[in-house]
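Reviewing the structure listed below.
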Amino acid sequence: MTSLAENKELVATTIILLLLSILCRFITGIFLNSLIRETENMSVTENRLLKQCKTKFRNCYKLNDGVPNIPVFVDKFVGRLQIGRFRVEGLGHLSGQLMLLSIVAAGLGACRALARGSSIGEIIPFYLMSFLGLYVYFSVSGMVDLDGKKEMLKISLTDFLENHMAPRLSVLEETEAADQEIRAAFAMKTQARPEEGRGMAGTGASSVEKCTEEQVFTKKQEKELEELLKEFFA
């Protein structure tokens with residue numbers, strides 16, 4: 001224990017780096033857990049990142065007339081997730097690097113103790129500290145399971161986008177297209193007959209009835225469109 005007391009700066013550095021490494025793992029795990037919980041109510045979520053995901057998917061769907069490979073879209077979104085200014089992937093790598101640095105610090109402490117004339121038995125605590133740090137790190141990594149949480153998040157997002165959002169967008173586009181066709185047809189008919197004599201009252205009444213039916217149908221389309229938009233943007 002004398003060697004540890006003589007190299008307390010390196011011992012403190014080793015412990016601090018180990019704690020920071022474990023902290024990065026826990027922060028990332030908590031962040032991913034919160035996203036996974038929010039995906040269970042994706043339609044009404046208030047999470048800023050998931051709202052951005054839906055907006056990007058909607059824009060991509062409209063621009064490309066569909067999203068041919070939704071899993072790739074989800075992979076890109078998950079790969080760009082950030083906690084503050086740090087990307088989730090970057091925090092995972094940072095955690096591993098901090099763990100390696102803690103082992104390096106412990107090794108430097110052992111070398112420094114040897115340089116001061118310590119025996120092999122006196123530097124064993126540094127090796128024990130390194131092995132204990134590795135054990136704690138891998139135990140925490142297994143418990144947090146960042147890779148499993150990322151995969152679960154991807155599955156939840158892919159399921160929502162494929163089975164819920166894409167069909168709604170498809171119906172929405174079909175409704176808008178039908179509404180535009182009805183409006184265009186109605187406009188063409190009204191322009192084709194700008195003036196009609198009073199002697200064609202029966203024909204005029206029939207045209208008014210047809211136009212009325214078309215207007216009612218248009219209102220139904222608009223009502224369906226409003227309901228879809230309310231449900232989609234809820």
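Keep in mind that the numbers below use all heavy atoms, side chains included, and drop hydrogens, waters and symmetry copies.
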What pairs meet the ring-ring contact (aromatic ring centres under 6.0 Å, His included) rule with one or both residues in residues 17-51, with sequence neighbours excluded? none
Can you see which heavy atom on Gly29 is nearest to which on Val144, and at what distance? CA-CG1, 3.8 Å
Can you sort out the partners of Asp75 under salt bridge (Lys or Arg N to Asp or Glu O under 4.0 Å), two or more places apart, ordered by chain and number? Lys154
Among residues at least two apart in sequence or on other chains, which ones pass salt bridge (Lys or Arg N to Asp or Glu O under 4.0 Å) with Lys149? none
Return the minimal non-hydrogen interatomic distance between Glu162 and Pro71, and the atom names on each side. OE2-CD, 3.9 Å
Holding to side-chain hydrogen bond (donor to acceptor under 3.5 Å, both in side chains), I want the full list of residues that pass it with Asn47, two or more places apart in sequence or in another chain. none
Answer yes or no: is there a donor N or O on one side and an acceptor on the other, between the side chain of Ser21 and the main chain of Leu17, under 3.5 Å? no
Which residues pass the salt bridge (Lys or Arg N to Asp or Glu O under 4.0 Å) test with Lys56, not counting sequence neighbours? none
Salt bridge (Lys or Arg N to Asp or Glu O under 4.0 Å) partners for Glu151, two or more places apart: none
Judged by modelled atom types alone, do Ser102 and Thr14 share a side-chain donor-acceptor pair under 3.5 Å? no
Determine whether a donor-acceptor pair (N or O, by modelled atom type, separation under 3.5 Å) exists between the side chain of Lys54 and the backbone of Met42. yes
Are Met152 and Ile155 packed together at the side-chain level, in the sense that at least one heavy-atom pair is separated by less than 4.5 angstrom? no
Test salt bridge (Lys or Arg N to Asp or Glu O under 4.0 Å) applied to Lys150 and Glu89, step by step: CA-CA 10 Å; Lys150 289 178 187 177; Glu89 291 287 344; 3.0 Å; yes
Between SG on residue Cys24 and CZ on residue Phe86, distance to nearest 0.5 Å: 8.0 Å
